[in-house]
Amino acid sequence: MLDGEVVVITGVGPGLGSKLAVRAAAEGAKVVMAARSEDVMARTEKDIVAAGGEAIGVPCDVRRPEDVARLARSAVDRFGTITGLVNSAFGHPGFHDLLDTPEKAIRGSMDIILHGALGVTREVVPHMKAAGRGSIVTIGTMATRKPSRGEGGYALAKAAMSTATRYLALELGEHGIRANQAVLGWLDGPGVRFYLRMTADSRGVTEQDVYDEIASRNPLGRIPTDDACTGAVLFLLSRGASEITGATLDVNGGEHMPV
């Protein structure tokens, strides 16, 4: 699916980010991982290389222009170009009502999700232009579709990035560069597993009870796993999606069905 592509993935942690990196490499991409923590990237790079793929991990705080510049430079120095970008780095300002969320926390979330993603995009787009093609995929959230108490500060930043994605699609299309968004909902990975344990303990029920309650909201009757959701993101990166830009793809088990 991704033969010949060089894909940068930000926010590579133990959940979706590392799964995207492994799957992208398995589909033929050369993968450049970015994250503040090096531990997960090191393990993921080892797994990819052991399976015959190619990947590098670059320590990067997307809020720091010098880190972002080094990320793009490392990708091009190693693989010669950049043709794909997944903006998945995020920071959550904490679970509070919106007006109770500290302004500093909201700005911090914006700095990572919006300004950080735009900074990375600015660095990689010249290389995409030189290649004559490129695909940018932003990871969105159901919190912008269905307001959930305590998610306001996080949803604001993601909604801003959603709008930015459509403008990128409009402005970069003439260069053969596409921009799309995959909106994820509940994602069965480390974060949700922690939530299931915490909620089960506080309510005196089993983790399966909490899981079943959440899963019942989806027509598919399950919480999508982070691994299963990678396919939709990689499709948007691929040339199989060559005529798709400015689109929002819901990858949430049918919890939200746009009209």
Side-chain angles (χ1 to χ4, degrees), residues 7-26 31-48 50-51 53 55 57-62 86-96 105 108-109 112-113 116-117 137-144 146 148 150-151 153-155 157-158 161 182-203 205-218 220-234 250-253 255:
V7 177
V8 174
I9 303 172
T10 68
V12 173
L16 179 69
S18 60
K19 299 294 195 307
L20 279 169
V22 170
R23 179 77 182 277
V31 178
V32 182
M33 300 175 287
R36 283 176 285 178
S37 173
E38 297 182 53
D39 293 346
V40 173
M41 289 195 298
R43 292 196 300 271
T44 304
E45 180 179 346
K46 184 178 179 180
D47 291 342
I48 289 171
V58 181
C60 178
D61 184 335
V62 297
V86 181
N87 280 315
S88 62
F90 76 96
H92 200 293
F95 294 92
H96 313 282
S109 188
I112 297 172
I113 294 172
V137 181
T138 300
I139 304 300
T141 174
M142 276 284 292
T144 62
K146 296 172 63 176
S148 178
E151 294 274 26
Y154 175 63
K158 285 289 192 178
M161 193 61 235
V183 174
L184 308 183
W186 287 93
L187 204 59
D188 194 356
V192 164
R193 286 292 152 177
F194 174 77
Y195 173 84
L196 295 179
R197 289 193 300 272
M198 180 181 67
T199 304
D201 289 345
S202 68
R203 290 169 51 183
V205 298
T206 68
E207 290 182 34
Q208 190 63 46
D209 289 332
V210 182
Y211 179 99
D212 291 343
E213 180 183 308
I214 297 169
S216 68
R217 304 171 193 167
N218 293 345
L220 295 179
R222 60 178 179 263
I223 301 176
T225 65
D226 45 20
D227 198 30
C229 291
T230 61
V233 177
L234 300 185
D250 281 270
V251 191
N252 45 50
E255 183 178 356

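Index from 1, following the sequence. All values below were derived from every heavy atom in this structure, side-chain atoms included, with hydrogens, water molecules and symmetry-related copies excluded.
Taking all atoms of both residues into account, the shortest heavy-atom contact from L234 to A24 is CD1-N, 3.8 Å. Across all their heavy atoms, I223 and A215 have their closest contact at N-CB, 4.1 Å. Nearest heavy atom pair, residue I113 against residue G91, reads CD1-O, 3.7 Å. The nearest pair of heavy atoms linking L16 to T230 is CD1-CG2, 4.1 Å. The minimum heavy-atom distance between A182 and V233, with the atom names listed, is CB-CG2, 4.1 Å. Taking every heavy atom of both residues into account, M33 and A55 meet most closely at CE-CB, 4.4 Å.
Side-chain contact between T141 and K146 is absent, with no heavy-atom pair separated by less than 4.5 Å. The shortest side-chain heavy-atom distance between E213 and R203 falls under the 4.5 Å cut-off. Looking only at side-chain heavy atoms (C-beta outward), Y211 and D188 come within less than 4.5 Å of each other. In this structure the side chain of Y154 never reaches within 4.5 angstrom of the side chain of F95, judged on heavy atoms. In this structure, V205 and V210 have side chains that are in contact, with non-hydrogen atoms separated by less than 4.5 Å.
Note on E38 versus R43: no salt bridge recorded, every NZ/NE/NH1/NH2 to OD/OE distance being 4.0 Å or above.
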Candidate pair V137 and N87, rule side-chain contact (heavy atoms from CB on, under 4.5 Å), full reasoning
CA-CA 6 Å; V137 181; N87 280 315; over 6 Å; no
Given the rule in the side chain to side chain donor-acceptor pair (under 3.5 Å) test, do D47 and T44 qualify, once you have shown the distances and angles that lead to the verdict?
CA-CA 5 Å; D47 291 342; T44 304; 5.6 Å; no
May I have the step-by-step check of side-chain contact (heavy atoms from CB on, under 4.5 Å) for L184 and N252, ending in yes or no?
CA-CA 5 Å; L184 308 183; N252 45 50; over 6 Å; no
Step-by-step side-chain contact (heavy atoms from CB on, under 4.5 Å) determination, V40 to E45:
CA-CA 8 Å; V40 173; E45 180 179 346; over 6 Å; no
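With T10 contributing its side chain and A34 its backbone, the two residues share no donor-acceptor pair below 3.5 Å. T199 places no side-chain N or O within donor-acceptor distance of the main-chain N or O of L196, the cut-off being under 3.5 Å. Judged by distance alone, with hydrogens and angles left aside, the side-chain atoms of D209 form a donor-acceptor pair with the main-chain N or O of T206 at under 3.5 Å.
Going from atom CG of D61 over to atom OG of S37 covers 12.0 Å, rounded to the nearest 0.5 Å. Here T144 contributes atom OG1 and K158 contributes atom NZ; the two are 9.0 Å apart, rounded to the nearest 0.5 Å. The CD1 atom of I48 sits 11.5 Å away from the CE atom of M41 when rounded to the nearest 0.5 Å. One distance of note links CZ of R197 with OG of S202; it measures 13.0 Å at 0.5 Å rounding. Atoms CG and CZ, on D226 and R23 in that order, are 12.0 Å from each other to the nearest 0.5 Å. If you take OG on S216 and CD on E255, they are separated by 9.5 Å, rounding to the nearest 0.5 Å.
Between I139 and the options V86, V251, I9, a side chain to side chain contact (heavy atoms under 4.5 Å, CB included) holds for only V86.
Taking the ring centroids of W186 and Y195, they lie under the 6.0 Å cut-off.
Environment of CZ in R217: crowded, with over 12 heavy atoms of neighbouring residues, nucleotides or ligands closer than 6.0 Å.
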